[in-house]
Amino acid sequence: MKSFFITTAIDYANGSPHLGHAYEKVLTDVIARFRRQMGDRVHFLTGTDEHGQKVQQSARKQGVEPQQFVDNISEEFRGLCKRLNISNDDFIRTTDERHKKVVRRILQQLFDKGEIYKADYKGFYSTRQEQFLQEKDRQPDGAWPEIYGEVVEITESNYFFKLGKYQQWLIDYLKANEDFVFPRYRQKQVLEFLKDPINDLCISRPKERLSWGIPLPFDENYVTYVWFDALINYYSAVEGTDWWPASFHVIGKDILVPAHAVYWPIMLKAADIPLPKALLAHGWWSVSGSKMSKSTGNVIKPLDFADQFGVDALRYFLIREMNVGQDSDFSPDQFLVRYTSELANNLGNLVNRTLNMTNRFAGGLVPEPAELDKPEQDLRALWDKTRDEVLQLCEGFQFHLGLERTFTFITATNAYIELRAPWKLGKSTEAKDQALLRTSLATMAEALRCAVGLLTAVMPETSQKIYGVLGYQPGSVWSDELVWGNKLVGKKVAETAILFPRPEKPATEKK
RNA sequence: GCCAGAGUAGCUCAGUGGUAGAGCAGAGGACUCAUAAGCCUUUGGUCGCCGGUUCAAUCCCGGCCUCUGGCACCA
């Protein structure tokens, strides 16, 4: 059995979850569910990144201890996962003892090997913002912006990790492993970045400046800063198991270069730990055409949509709309279009009319089909083709196309029903028509049951509901569910089911 | 500036060296099992601009314009 270990980036515990967080979780979840369905042994990790200056500052602002502060935020992110039906097997927090232990051990190991050294860093420091400033932070006239307050040039000793030493090795590695980063053009960007010499990485902060972090094992006057803390979560969570190396780190495109594609491989290489097999960098969501940002206030709260339309409608939209790797736009109007025309009208209505006809013309029991005629054979052939294509597309993370094909099949099922018009057959007493009626009812139910199998990873709750109203309990082997058969014959279906109710008012009018 | 991607129907996008396609929206129709849903038909495009190669280019080449993204830390 193939092992598949997949991770999301861990979220920084300094603010509430927004659409981007939700997307990354859902995308990774769909991949994880798909792999499980394909028979892989899957481990799915997510979590929160809880140290650092911003957390320390936010906690102080609220007048609480950092630990209490991150406890709250971390809880919020775990709530998001639960609400979105994320099937993660583990949730790591960088404040977990299991994590801190591994971070300190790796740091010590690299220090002993001479991969970490101490040096002076000289730069302009803002006491108000408690950070070093870059030349790019200056205004055109050379002055420092107001927000930084007093800026002084200071010298500070810190520890550095020898990144530069491994630059050529990484370039060679990426050239030899063209599929390290998905999509491919992103890997080119990494190589592009590596054309210029890279500096060694400052990995510490003096404790008096930043206390909320993991102390360096070889110098307790410092804590480790950002990357050695955050990135190692992927490894620390599974150390001692057989899950490492990870199959995929799913991340946002913003943290690909340099963090995940440069720092992380080099850190692992230096520590003699195998590299993850691949990185998957996804795009960003804009909102109604403009960049989502806290300052403009157009942050989408994903759970509002989940609350109003159901979790699966949100999951469906995120996966249907985004071509993995590229950017997409989220607008309430577009959401409503997909919700109404695809989920409610196309799928939801198919479910409901199938139940209604089965009740009206067959006493609520799915009948046995007679011999399959051309329309039935055509639909079944389309099913085989659809299934094969969709599986292929999902293997390549083309979930949006997979859903499109699946819905093409659903539309074809609706068209099949029109062709047979069971409501007309139901009025006839001739044996031939009655046989055709039974066949058409059985066919539409079976088509629906098959289609649901391809929707499960994206809409787990809806899939369960549809199976439920068909009186059906799927078996444990997913691929069997994708085979056209007579699995529903004799099943007692529900009276009615409104899976995706039409919204009363447009979402845009909702306050 | 450099690198990458993109400019095709009102909108979102697919596409091939040989008279342009889908979904949604719009229009018309037949039907009635159904969430005023579904089905059928249909309006609609100088395929960014200018040259070139070719019997023939939206698709190949050159140039230009525009947009988006990346270029050291917001998923």
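What you see is a predicted model; the values in this text were computed from it and never measured. Residue numbers start from 1 in every chain, and the chains themselves are labelled A, B, ... in the order their sequence lines are given, proteins ahead of strands.
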#### Entry: B:rC47 pairs with, by Watson-Crick or G-U criteria that keep both distances under 3.5 Å
none
#### Entry: Nearest listed nucleotide, side chain of A:Trp285, among B:rA37, B:rC33, B:rA75
B:rA75
### Message
Check for me whether the distance between the ring centres of A:Tyr159 and A:Tyr222 falls short of 6.0 Å.
### Response
yes
### Task
Under 4.0 Å between any heavy atoms, over every strand shown, what does A:Ala344 touch: base, sugar-phosphate, or nothing? Just pick one.
base
### Among B:rU35, B:rG69, B:rA75, the nucleotide that comes nearest once only the side chain of A:Leu499 is considered
B:rU35
### Query
Atom CD1 of A:Ile466 to atom C1' of B:rU35: distance rounded to whole Å?
14 Å
### Task
Could you check A:Tyr234, A:Phe397, A:Phe5, A:Phe182 and say which one makes a ring pair (Phe, Tyr, Trp, His ring centres under 6.0 Å) with A:Phe248?
A:Phe397
### Query
Nearest to the side chain of A:Trp423, which nucleotide is it out of B:rA4, B:rG38, B:rU32?
B:rU32
### Whole-Å P distance, B:rG17 and B:rA36
46 Å
## Note on the structure
When rounded to whole Å, the CG to P distance for the pair A:Asn233 and B:rA75 reads 14 Å
#### Entry: Rounded P spacing from B:rU8 to B:rC59 in Å
14 Å
### Message
What contact category does A:Lys25 fall into here, base, sugar-phosphate, or nothing, at under 4.0 angstrom with non-hydrogen atoms?
### Response
nothing
## Note on the structure
Partner of A:Ile92 under side chain to side chain contact (heavy atoms under 4.5 Å, CB included), picked from A:Asp49, A:Thr46, A:Leu45, is A:Leu45
### Query
Are the aromatic ring centres of A:Phe228 and A:Phe161 under 6.0 angstrom apart?
yes
## Note on the structure
Testing B:rC33, B:rA75, B:rG69 for proximity to the side chain of A:Gln189, the answer is B:rG69
### Task
Counting heavy atoms from C-beta on, name the nucleotide in B:rA75, B:rC73, B:rA72 closest to the side chain of A:Phe193.
B:rA72
### Task
Output, in order, the C-alpha distance, side-chain angles, deciding distance and verdict of salt bridge (charged side-chain N to carboxylate O under 4.0 Å, His left out) for A:Arg184 and A:Asp179.
CA-CA 7 Å; A:Arg184 279 214 176 169; A:Asp179 291 323; 2.9 Å; yes
## Note on the structure
Whole-Å distance, A:Ile319 CD1 to B:rA75 P, equals 19 Å
#### Entry: Which nucleotide in B:rC33, B:rA37, B:rA72 has an atom nearest any side-chain atom of A:Asn349
B:rA37
### Query
Under a 3.5 Å cut-off for both distances, is B:rC13 Watson-Crick or wobble paired, and to whom?
B:rG21
### 5'-most by nearest nucleotide on RNA chain B - A:Phe500 or A:Tyr185
A:Tyr185
### Message
I want to confirm an ordering. Mapping A:Pro501 and A:Gln326 to their closest nucleotides on RNA chain B, which one lands closer to the 5' end?
### Response
A:Gln326
### Message
Measuring only the P atom in each nucleotide, how far is B:rA30 from B:rC67? A whole number of Å is fine.
### Response
50 Å
## Note on the structure
Which of B:rC31, B:rG69, B:rG38 is nearest the side chain of A:Arg186? It is B:rG69
### Message
Measuring to OP1 and OP2 of B:rU32, would you say a side-chain N or O of A:Arg353 lies under 4.0 angstrom away?
### Response
no
### Query
With a 3.5 Å cut-off and no angle check, do the side chains of A:Tyr12 and A:Glu50 form a donor-acceptor pair?
no
### Atom-pair distance (CD1 on A:Ile255; P on B:rC71), nearest Å
12 Å
### Query
Can you tell me the Watson-Crick or wobble partner of B:rG26, both distances under 3.5 angstrom?
B:rU42
### Query
If you count the non-hydrogen atoms of other residues, nucleotides and ligands that lie under 6.0 Å from CD in A:Glu418, is the total more than 12?
yes
### Query
Taking atom P of B:rC13 as reference, at what distance in whole Å does atom CD of A:Gln334 sit?
9 Å
### Message
Could you check whether A:Phe77 and A:Phe91 have their ring centres less than 6.0 Å apart?
### Response
no
### Query
Of the candidate nucleotides B:rC24, B:rC3, B:rC40, which contains the atom at the shortest distance from the side chain of A:Glu192?
B:rC3
### Task
Would you tell me if any nitrogen or oxygen in the side chain of A:Asn345 comes within less than 4.0 Å of OP1 or OP2 on B:rG38?
yes
### Query
If you take atom types as modelled and just measure distance, does the side chain of A:Asn352 reach the base of B:rA34 with a donor-acceptor pair under 3.5 Å?
no
### Message
I'd like the P distance from B:rU46 over to B:rA9, given in whole Å.
### Response
9 Å
### Message
Looking only at the side chain of A:Glu418 (C-beta and beyond, no hydrogens), which of the listed nucleotides B:rC31, B:rA75, B:rC39 gets closest?
### Response
B:rC39
### Query
Roughly, in whole Å, what's the span from CG in A:Asp254 to P in B:rC71?
9 Å
### Message
In terms of relative ring orientation, are A:Phe330 and A:Phe335 parallel, tilted or perpendicular, with 30° and 60° separating the classes?
### Response
tilted
### Task
Can you tell me the pairing partner of B:rC67 across any strand shown, Watson-Crick or G-U wobble, with both distances under 3.5 angstrom?
B:rG5
### Task
For B:rA20 and B:rA57, measure between their C1' atoms and round to the nearest Å.
13 Å
### Query
Between A:Asn414 (CG) and B:rC40 (C1'), how many Å, whole number?
13 Å
### Task
Quickly work out the A:Asn199 CG to B:rC73 P distance and round it to whole Å.
13 Å
### Pairwise C1' distance, B:rG70 and B:rG23 [rounded to whole Å]
31 Å
### Message
Measuring only the P atom in each nucleotide, how far is B:rG48 from B:rU16? A whole number of Å is fine.
### Response
15 Å
### Query
Using a cut-off of less than 4.0 Å, is there contact between a side-chain N or O of A:Arg502 and OP1 or OP2 of B:rA37?
yes
### Task
For A:Tyr263, report the nucleic acid contact type (base, sugar-phosphate, nothing); a contact means any heavy atom under 4.0 Å.
base
### Query
Does a distance-only test, which skips hydrogens and angles, find a donor-acceptor pair under 3.5 Å between the side chain of A:Trp227 and the base of B:rC73?
yes
#### Entry: Minimum-distance nucleotide to A:Ile498 side chain [options: B:rU35, B:rG38, B:rC24]
B:rU35
### Task
Looking at every strand, decide which applies to A:Thr408 at a 4.0 Å heavy-atom threshold: base, sugar-phosphate, or nothing.
nothing
### Query
Taking atom C1' in both B:rC60 and B:rG18, what distance in whole Å separates the two?
14 Å
